[in-house]
Chemist: 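Got a structure for you, written out below as structure tokens; questions coming shortly.
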Amino acid sequence: MGTEKVIDRKVELEKEDGHALHKRLSQVDPEMAAKLHPHDKRKVARSLQVFEETGISHSEFLHRQHAEEGGGPLGGPLKFPNLCILWLHADQTVLDERLDKRVDDMLAAGLLDELRDFHRRYNQKKVAENSQDYQHGIFQSIGFKEFHEYLVTEGKCTPETSNQLLKKGIESLKQVTKRYARKQNRWVKNRFLSSKSHYSHFMATFPF
């Protein structure tokens with residue numbers, strides 16, 4: 001018995017022109033289209049996918065989800081109403097030091113070699129064609145685009161310049177990592193610790 005190929009509609013949509021996708025979204029969901037840039041094909045395609053599969057706009061889908069009991073601006077209700085959420089919280093200064101060390105450990109473990117190999121295999125040709133896209137797929141991940149200047153100029157500039165670009169990439173990676181951690185902390189606090197949160201009395205935090 002043969003197996004049917006499952007078609008990912010979002011992937012299919014992402015193959016189309018970004019501006020055309022955004023125009024289509026503006027016709028069925030102007031509220032969501034106003035929030036998304038045409039270049040952000042991943043999110044535009046996701047919104048169109050929701051509309052195609054549910055028959056309602058993505059923005060309306062989210063409004064309904066957030067309006068459910070236990071829902072809010074940051075998301076719909078959790079799957080189970082009675083739960084205990086444990087959150088390990090660190091002082092910001094301590095957390096920043098640990099995040100910096102994490103980046104240093106990643107570099108010591110061979111991060112640059114992995115980035116060079118990935119750049120050579122998948123991004124070098126895109127850069128040459130001026131078609132690289134750091135808003136899509138793996139390329140939008142933290143830890144790659146921060147070293148773009150270093151990777152594209154390595155071996156084409158003086159060692160001093162290359163070293164400066166490397167330091168710039170490392171510092172950028174540390175900054176964006178800490179920024180992302182702060183964003184995660186704000187989300188947790190607003191989602192679960194807010195006085196208006198349905199889950200605030202189920203939440204336990206432990207400093208470490």
Side-chain angles (χ1 to χ4, degrees), residues 10-11 14 35-37 39-46 73-75 78 83-194 197 199-200 202-208:
K10 179 171 170 288
V11 172
E14 288 181 13
K35 297 177 181 179
L36 302 176
H37 193 282
H39 290 168
D40 196 348
K41 290 174 65 175
R42 180 176 61 88
K43 291 183 179 179
V44 172
R46 171 58 180 158
L74 296 178
L78 298 183
L83 25 95
C84 177
I85 301 171
L86 305 179
W87 179 36
L88 297 178
H89 174 69
D91 178 81
Q92 192 63 58
T93 302
V94 174
L95 181 60
D96 286 347
E97 291 175 353
R98 290 177 177 176
L99 291 172
D100 282 345
K101 185 178 184 302
R102 178 185 177 188
V103 171
D104 291 335
D105 290 344
M106 290 168 61
L107 290 164
L111 175 63
L112 287 180
D113 287 336
E114 290 185 19
L115 290 174
R116 289 188 188 100
D117 182 63
F118 191 84
H119 177 70
R120 178 178 58 81
R121 289 172 178 268
Y122 304 107
N123 204 40
Q124 200 167 45
K125 186 173 183 292
K126 291 179 179 291
V127 171
E129 297 172 348
N130 196 30
S131 63
Q132 74 274 17
D133 181 6
Y134 291 118
Q135 301 297 322
H136 181 74
I138 188 67
F139 296 101
Q140 67 184 319
S141 302
I142 293 175
F144 187 77
K145 55 184 176 294
E146 287 75 23
F147 290 93
H148 172 79
E149 288 185 88
Y150 171 74
L151 292 170
V152 299
T153 60
E154 190 176 24
K156 301 177 183 178
C157 60
T158 65
E160 292 77 10
T161 299
S162 184
N163 190 50
Q164 289 177 355
L165 292 175
L166 175 58
K167 289 181 179 179
K168 179 181 177 181
I170 294 173
E171 183 58 32
S172 178
L173 177 55
K174 289 183 176 181
Q175 288 178 356
V176 76
T177 299
K178 287 182 280 192
R179 193 180 307 133
Y180 185 68
R182 284 177 170 80
K183 181 179 179 181
Q184 289 179 316
N185 280 337
R186 285 195 301 270
W187 190 92
V188 170
K189 290 177 181 178
N190 292 333
R191 185 70 167 95
F192 300 112
L193 295 182
S194 167
S197 172
Y199 309 102
S200 58
F202 294 121
M203 186 81 174
T205 61
F206 298 92
F208 73 105

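We're numbering straight along the sequence, starting at 1.
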Chemist: What salt bridge (Lys or Arg N to Asp or Glu O under 4.0 Å) pairs are there with at least one residue in residues 115-124, not counting sequence neighbours?
Modeler: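 Salt bridge (Lys or Arg N to Asp or Glu O under 4.0 Å) check on residues 115-124 returns Asp113-Arg116, Arg116-Glu154, Asp117-Arg120, Asp117-Arg121.
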
Chemist: Which residue in the set Lys178, Lys174, Lys101, Arg182 passes side-chain hydrogen bond (donor to acceptor under 3.5 Å, both in side chains) when paired with Asp96?
Modeler: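 By the side-chain hydrogen bond (donor to acceptor under 3.5 Å, both in side chains) criterion, Asp96 pairs with just one of Lys178, Lys174, Lys101, Arg182: Arg182.
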
Chemist: Among all residues two or more places apart in sequence or in another chain, which pass the side chain to side chain contact (heavy atoms under 4.5 Å, CB included) test with Val11?
Modeler: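 For Val11 the side chain to side chain contact (heavy atoms under 4.5 Å, CB included) partners, ignoring immediate neighbours, are Asp8, Lys15.
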
Chemist: Taking atom NE2 of His119 and atom CG of Leu112, what is their separation to the nearest 0.5 Å?
Modeler: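 Those atoms lie 12.5 Å apart.
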
Chemist: With heavy-atom distances below 4.5 Å as the criterion, would you say the side chains of Trp187 and Lys183 are in contact?
Modeler: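 Trp187 does not reach Lys183 side chain to side chain.
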
Chemist: Evaluate the side chain to side chain contact (heavy atoms under 4.5 Å, CB included) criterion for residues Lys35 and Lys43: first the C-alpha distance (whole Å), next the side-chain angles of each, then the deciding distance (0.1 Å), finally the verdict.
Modeler: CA-CA 10 Å; Lys35 297 177 181 179; Lys43 291 183 179 179; over 6 Å; no

Chemist: In Å and rounded to the nearest 0.5 Å, what is the CG to OH distance from Leu115 to Tyr150?
Modeler: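 Rounded to the nearest 0.5 Å, the CG-OH separation comes out at 9.5 Å.
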
Chemist: Which pair of non-hydrogen atoms, one from Leu95 and one from Ala90, has the smallest distance, and what is that distance?
Modeler: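 Heavy atoms only, the tightest pair is CB-CB, 4.2 Å.
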
Chemist: Taking Thr153 for its side chain and Glu149 for its backbone only, find out whether a donor-acceptor pair lies under 3.5 Å.
Modeler: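 Yes; at least one donor-acceptor contact below 3.5 Å.
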
Chemist: Got a second to check how far Lys145's NZ is from Leu151's CG, nearest 0.5 Å?
Modeler: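 If we round to the nearest 0.5 Å, Lys145:NZ and Leu151:CG are 13.0 Å apart.
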
Chemist: Measuring from atom CZ of Arg98 to atom CZ of Arg102, what distance do you get when rounded to the nearest 0.5 angstrom?
Modeler: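 If we round to the nearest 0.5 Å, Arg98:CZ and Arg102:CZ are 13.0 Å apart.
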
Chemist: Got Gln92 and Asn185 here, is their nearest side-chain heavy-atom distance under 4.5 Å?
Modeler: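 Yes, close enough: below the 4.5 Å cut-off.
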
Chemist: Does the Lys41 side chain pair with the main chain of Glu14, one donor and one acceptor, at a distance under 3.5 Å?
Modeler: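 A pair under 3.5 Å: yes.
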
Chemist: Please round to the nearest 0.5 Å and tell me the distance separating atom CG of Leu107 and atom CD1 of Ile170.
Modeler: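 One finds 5.0 Å between CG of Leu107 and CD1 of Ile170.
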
Chemist: Is there side-chain contact between Glu171 and Glu146, with heavy atoms separated by less than 4.5 Å?
Modeler: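 No. Closest side-chain heavy atoms not under 4.5 Å.
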
Chemist: Ignoring hydrogens, what is the shortest heavy-atom contact between Ala181 and Leu99? Give both atom names and the distance.
Modeler: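 Reported closest heavy-atom pair: CB-CD1, 3.6 Å.
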
Chemist: Report yes if some heavy atom in the side chain of Val103 is under 4.5 Å from a heavy atom in the side chain of Leu111; otherwise report no.
Modeler: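 No - every pair of side-chain heavy atoms lies 4.5 Å or more apart.
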
Chemist: With a 3.5 Å cut-off and sequence neighbours excluded, list the donor-acceptor pairs that the side chains of residues 156-167 form with protein atoms.
Modeler:
{"residue": "Thr158", "atom": "OG1", "partner": "Thr161", "partner atom": "N", "Å": "3.1"}
{"residue": "Thr158", "atom": "OG1", "partner": "Thr161", "partner atom": "OG1", "Å": "2.9"}

